[in-house]
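Order of appearance sets the numbers: ligands from 1, and atoms from 1 within every ligand.
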Amino acid sequence: MMPLVFTLLCLCVLKMGGFSSSVTQASVQSDVQCYDWGVWSEGSVRVYDGEVAYIYCPLFSHPTLYNYTQNSSQSLVWYQHTHTQELEQPIDRKSQTLLRVREYLWIQPATAQDAGLYICMLRNLSSCVRISVELEVVQKKGECDLSAQPQLNLTVPFQSDRILSCPDLKKLTLPNSTYTISWYHLCRSTKFRGDLELKGDNVVIYRMLEPYKGLYTCVVSYQMNGRTLQFTRNINVIPVVPDFGSKVPIILNPANDQIYTVILGDTASLSCRVHLPHLYGEKQDIWWTIDNKTVEQLADPRFSSPEDNLLSYNYGDEKKERVLYVKDFSADDLQREFNCSARNSHGFNTSRAILKTELYVPTLELGCGLGVTLALMLMMFVIYHVFWLELLLLYRSWFGSDERYTDDKQYDVYISYARNSEEEEFVLSTLRRVLETEFGYSVCIFDRDSLPGGTITDDTLRFVGQSRRLVVVVSPCSAVRGTQALLELQAGLTSMMHGGSLRVVLIQFKPVQRKSWVKELRQARLALTLIRWKGEKSAPLSSRFWKQLQLELPMRRTTQHTHKQTQLPDVTQHTPDTHTQHTHQAEEKLIDPYSTSVL
Ligand SMILES: *[C@@H]1O[C@H](CO)[C@@H](O)[C@H](O)[C@H]1NC(C)=O
Ligand SMILES: *[C@@H]1O[C@H](CO)[C@@H](O)[C@H](O)[C@H]1NC(C)=O
Ligand SMILES: *[C@@H]1O[C@H](CO)[C@@H](O)[C@H](O)[C@H]1NC(C)=O
Ligand SMILES: *[C@@H]1O[C@H](CO)[C@@H](O)[C@H](O)[C@H]1NC(C)=O
Ligand SMILES: *[C@@H]1O[C@H](CO)[C@@H](O)[C@H](O)[C@H]1NC(C)=O
Ligand SMILES: *[C@@H]1O[C@H](CO)[C@@H](O)[C@H](O)[C@H]1NC(C)=O
Ligand SMILES: *[C@@H]1O[C@H](CO)[C@@H](O)[C@H](O)[C@H]1NC(C)=O
Ligand SMILES: *[C@@H]1O[C@H](CO)[C@@H](O)[C@H](O)[C@H]1NC(C)=O
């Protein structure tokens, strides 16, 4: 392989005649001394297939490199390494398409086969340096291509004038050749009028306006050695703010009256926003100082300030932000001077950030605490609303006092009801039974407990007076004058109003219209508790009805307990009478055979 390559190389070299000796010298020397700069990426050239291209040898623009003059001892050699070639080849001086003009290599025209690396080498007897430039050949999409990469970005301030000339036109050494030039703006060729005019080879913008921005394309074609050659250039015109006015950076934040709140012990982040006027790509600095020291000078790991970032762009004017982070902000830091500064070639601005502490509020912990408190409150609210009766009963069972020990009354409950009504059935079969057998109250029912012979009025008053509670089962019939029910009610209300130890409790078995109530009841209604029977729903002992009733009746600590534990609270099931007697033997001295027969 190697001898073959060498032979090929020698053949090439020999073919090139006079040029050959220098090439062999170069290859001999480059083995030891040729310094390779590699590929110069910024200089890469993109050309349309079939158009003229030129490649500039970048060695001449490098300030430390040799001054190239025709009479110096150094010589410039070009090599070509296209994608189809295996080896670098020296460029034939006599080639029709490859033309060397000083530090430029012209390819007229370039075709897809010419794509590849072009190496320019500068050398004398003792030293050698080389650099490569890439040539890219692309297909042209029609006469004008809007998506083309511009060769030039041209910023033009609004209201100002500008002459657009086709790049590289002057570079063509065509002293006496004729050429034609076509201009397009946004790929339209007819729109040159008004403040935008075609003048000679150039496009003149008399007054820059928004519609004149965008891509300008020039296509130049000329004759050379009997061939028609052509090249295309694209210029991107970018409008920017006018050049007049102050170009000093303006610090927007910290503003004069702005106060930054910091939290002691937490990370403080101070944001600085600066308006940077358009200055044609000039570098403009934004930085924070702490007591007139930059973050770098301070060299404290607690302080950091990442690079600024662009917030907005408006025709060249920029708004940028730079943030200063201070970890574990301390009370001492509060005494320091935090300044944000900005500088460009036109001036300098600085502004101090005024700081204020805020008490350390551990938001997360607080949030959790608050959440838990709220949840607890909600829970208690729900519990209270669902179980308030139970809670009250429980409270009373702990703290209430048994009235039996403080008075000498005979009955706990006196039940008043209208005879011959629906209520009567309820009183005798349900209310009385539950109060006596389930809750263990001593119940007085006039018809059962009064002894025959006495005056009804006197007996009623006596019995009511002997009871701790008067339970009135409200019924439309209660209103009938002269009935026993009305008498009982009047007795109870009178006793209650005159400071007696009797309390009146109302039970509504069936909805009764308020206006059908007796006058006395209507008047006393507001001061009395009304418990409503809600049919089947109220039947079980665990229902609201019984709990409410229990709450209104005197407290029974022990009996209540034993019953709750031993008996399933189902009122609809009739408990045997033996049981009734067994539990309430002590209290029920006056068992009437009549009442049991009703059950
Ligand atoms: C190249 O030549 C110019 C004058 O032609 C001179 O000013 C410059 O210093 C020279 N550069 C070097 C690197 O010698
Ligand atoms: C090259 O030659 C010109 C005269 O022909 C002379 O003036 C110039 O100084 C020379 N340059 C160098 C670098 O020798
Ligand atoms: C070759 O060029 C280098 C750099 O300019 C110079 O220092 C050296 O003297 C030259 N050598 C010869 C033999 O001319
Ligand atoms: C022109 O600007 C565009 C976008 O800003 C950029 O991508 C492109 O490289 C620039 N071209 C030149 C030649 O500066
Ligand atoms: C261009 O051509 C004109 C005549 O056609 C001639 O006088 C002139 O010298 C030429 N210029 C160059 C640079 O060759
Ligand atoms: C910055 O400087 C400009 C011009 O000197 C001035 O108008 C502006 O008020 C200054 N702004 C601040 C925040 O210092
Ligand atoms: C801040 O420090 C710079 C040098 O680092 C000095 O020129 C400037 O006057 C100082 N400014 C103040 C306000 O102390
Ligand atoms: C900080 O900014 C204020 C204006 O807000 C200025 O008076 C002061 O001199 C600045 N301090 C430093 C150190 O630059």
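- Looking at atom 4 (C) of ligand 4, its nearest protein heavy atom turns out to be N153 ND2, 4.6 Å.
- Nearest protein heavy-atom neighbour of atom 13 (C) of ligand 7: N292 ND2, 4.4 Å.
- Relative orientation of the H185 and Y216 rings is parallel, given thresholds of 30° and 60° on the angle between their planes.
- Within 4.0 Å of atom 11 (N) of ligand 6, at least one protein heavy atom is present.
- Using a 4.0 Å cut-off to heavy atoms of P249, the atoms of ligand 6 that qualify are 1 (C).
- Considering backbone and side-chain atoms alike, S246 places every N or O at 3.5 Å or more from each N or O of ligand 6.
- Distances from atom 1 (C) of ligand 7 to the protein include at least one heavy-atom value under 4.0 Å.
- Salt bridge annotation for D285-R343: absent, with no cationic side-chain nitrogen under 4.0 angstrom from a carboxylate oxygen.
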Chi angles and distances behind the side chain to side chain donor-acceptor pair (under 3.5 Å) call for N292, T289: CA-CA 5 Å; N292 202 18; T289 55; 4.9 Å; no
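- The residue from D195, D161, V237 that alone fulfils the side chain to side chain contact (heavy atoms under 4.5 Å, CB included) condition with M208 is V237.
- From the protein, the heavy atom lying nearest to atom 14 (O) of ligand 6 is N349 OD1, 2.8 Å.
- A salt bridge is defined here as a Lys NZ or Arg NE, NH1 or NH2 lying under 4.0 Å from an Asp or Glu carboxylate O, and E282 with K247 fails to meet this definition.
- If you look at V248 next to ligand 6, the close heavy atoms, those under 4.0 Å, all belong to the side chain.
- Only backbone heavy atoms of Q151 (N, CA, C or O) come within less than 4.0 Å of ligand 4; its side chain stays farther off.
- Checked against W287 for a side chain to side chain contact (heavy atoms under 4.5 Å, CB included), the options S305, S341, C272 give a single hit: S341.
- For atom 7 (O) of ligand 6, the nearest protein heavy atom is 4.0 Å or more away.
- The number of heavy-atom neighbours closer than 6.0 Å to OH of Y280, taken from other residues, nucleotides and ligands shown, is above 12.
- The aromatic rings of F399 and Y395 sit tilted relative to each other, their planes meeting at an angle between 30° and 60°.
- Every heavy atom of A255 sits 4.0 Å or more from the atoms of ligand 6.
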